[in-house]
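Everything below concerns the one structure shown next.
Predicted model, so just to flag it, every value in this text is computed and none were measured. Each chain gets a letter, A, B and so on, in the order its sequence line appears, and its residues count up from 1.
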There are 2 protein chains.
Amino acid sequence: MRSLAQRLTVTATALCWHVRTKDDVLDLAMDQIFGDVPIPGATDDWPEDVRVLVRGWRSAMLRHPWAPGLVGRPMLGPNVLARTEFLQAALVRGGCRGRHLAAATRTLANYVIGASLTEATWRRSVDPDARAAARDHVAAHADAYPTLNASGHLDDDRWDDDLLFEDGLDGVLRSVARHPPS
Amino acid sequence: MRSLAQRLTVTATALCWHVRTKDDVLDLAMDQIFGDVPIPGATDDWPEDVRVLVRGWRSAMLRHPWAPGLVGRPMLGPNVLARTEFLQAALVRGGCRGRHLAAATRTLANYVIGASLTEATWRRSVDPDARAAARDHVAAHADAYPTLNASGHLDDDRWDDDLLFEDGLDGVLRSVARHPPS
DNA sequence: ACCTGAACACCGTTCAAGT
DNA sequence: ACCTGAACACCGTTCAAGT
């Protein structure tokens with residue numbers, strides 16, 4: 001609050017007059033981030049529409065390093081709702097209805113939220129020491145972590161983040177498309 | 001820190017002597033939560049093994065109301081690693097290797113993290129006023145939100161959370177199983 | 001090694017007072 | 001209506017001092 005007010009060249013007390021509480025500022029910041037998630041035009045290729053939206057969603061989250069600290073709060077702003085509307089409309093175009101539609105919407109949102117949060121956390125706040133310590137722990141107890149060792153799960157440059165995100169997104173979309181409500 | 005120290009009937013300064021910083025306490029708390037995510041025995045039915053683990057993961061998150069505030073931090077504790085090892089081992093049993101394995105592991109983790117975070121946030125910190133305000137906003141602009149209105153996306157009692165989580169999990173598992181690395 | 005008490009620099013928010 | 005300055009209660013962390 002104090003430093004934000006300073007950036008606006010006012011006092012913190014002036015800021016408190018415009019917003020009710022700090023949480024309101026964070027909610028507004030969150031919705032502002034969603035504001036620059038591009039909403040593509042609806043095409044005949046609904047899975048591609050979903051892909052474009054979800055890629056933009058993830059990109060916007062990763063663009064703001066402090067975004068992970070905002071995810072534990074309600075997302076009910078108009079910008080969030082507009083993106084959700086587009087996402088769900090694309091799924092309806094894909095034949096989803098009722099319970100399948102609700103599940104598919106949540107699954108896609110969960111996927112992109114989880115991915116953005118994990119990636120942003122990883123590339124920001126994990127210092128090399130802690131990372132190396134975890135890798136040593138896994139390597140030292142090879143009997144307890146045979147799979148993680150074999151797959152190189154903690155070697156962060158093993159696979160490209162963008163690539164894995166795209167793979168997972170394809171999988172999720174496939175599972176949605178394969179289960180139309182008849 | 002101060003209130004935690006009080007619960008331990010010591011001063012805050014005493015607590016600061018045992019841990020380096022507050023973040024360390026939060027990291028330990030996070031790993032502690034994962035400690036009571038049950039690790040099932042490995043069976044022949046690997047998708048069911050994944051389901052049991054992931055259900056327990058979500059349950060543990062929802063059991064601790066302050067868990068959402070901890071997700072924006074690295075998860076590298078031994079308890080987290082042990083659950084990740086089990087998850088990835090089950091996927092290997094399902095035939096996943098290499099890049100597919102990495103993508104599948106992340107997809108499942110992203111799904112359960114996103115779902116737990118969203119649900120916990122929703123049922124904890126969203127006051128009825130804000131919820132009603134968002135619902136009114138969507139209803140008032142029916143032209144902008146045709147799909148959300150038709151699907152009742154903001155009516156939280158429209159579908160059961162457990163049901164939708166299970167549906168989405170089935171979908172994700174199906175997409176993993178359908179894409180074995182040949 | 002382990003704990004205390006006092007202190008430091010900071011935080012979000014409020015309240016009277018100004019214009 | 002909009003802003004200020006002072007103050008309040010709090011916070012994580014440190015530092016000298018104790019045992």
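Look at B:Thr21 and you'll find a side-chain N or O under 4.0 angstrom from OP1 or OP2 of D:dT13. Applying the 4.0 Å criterion to OP1 and OP2 of C:dC3, one finds that B:Thr11 has every side-chain N and O outside that range.
Each of A:Ile113, A:Val37, A:Leu53, A:Asp161 was evaluated against A:Arg58; a single residue qualifies, A:Asp161, per the side-chain contact (heavy atoms from CB on, under 4.5 Å) test.
When the P atom of C:dA9 is taken as reference, atom CE of B:Met1 falls 22 Å away, rounded to whole Å. Remark: P of D:dC3 and CD of A:Gln6 are 17 Å apart, rounded to the nearest angstrom. We find that CG of B:Leu15 is positioned 10 Å from C1' of D:dG12, with the value rounded to whole Å. For the pair A:Arg20 CZ and C:dT13 P, the interatomic distance rounds to 10 Å; values are reported in whole Å. Taking atom CG on A:Leu4 and atom P on C:dC10, their separation rounds to 18 Å, with Å as the unit. As rounded to whole Å, 11 Å separates atom P of C:dT4 from atom CG of B:Leu8. In this structure, CG of B:Asp23 is placed 13 Å from C1' of D:dT13, rounded to the nearest angstrom. Between the CG atom of B:Asp24 and the C1' atom of D:dG12 there is a distance of 13 Å, rounded to whole Å.
Candidate nucleotides C:dA7, C:dC3, D:dC15 were compared by shortest atom distance to the side chain of B:Thr13, and D:dC15 ranks first. With C:dC11, C:dT4, D:dC3 as the choices, the nucleotide that has an atom nearest any side-chain atom of A:Arg2 turns out to be C:dC11. Listed nucleotides C:dG12, C:dC3, D:dC3 differ in distance to B:His18; the shortest reach to its side chain belongs to C:dC3. If you check D:dC3, C:dT13, C:dC3 against the side chain of A:Trp17, the one that comes closest is D:dC3.
To the nearest whole angstrom, the two C1' atoms, one in C:dA17 and one in D:dC2, are 13 Å apart.
Rounded to the nearest 0.5 angstrom, B:Asn110 CG and A:Leu117 CG are separated by 9.0 Å.
Partner assigned to D:dC8 is C:dG12, using Watson-Crick or G-U wobble distances below 3.5 angstrom.
Ion pairing between A:Glu48 and A:Arg55 holds under the 4.0 Å rule for side-chain N and carboxylate O. A salt bridge is defined here as a Lys NZ or Arg NE, NH1 or NH2 lying under 4.0 Å from an Asp or Glu carboxylate O, and A:Arg51 with A:Asp170 meets this definition.
The shortest side-chain heavy-atom distance between B:Asp49 and B:Phe86 falls under the 4.5 Å cut-off.
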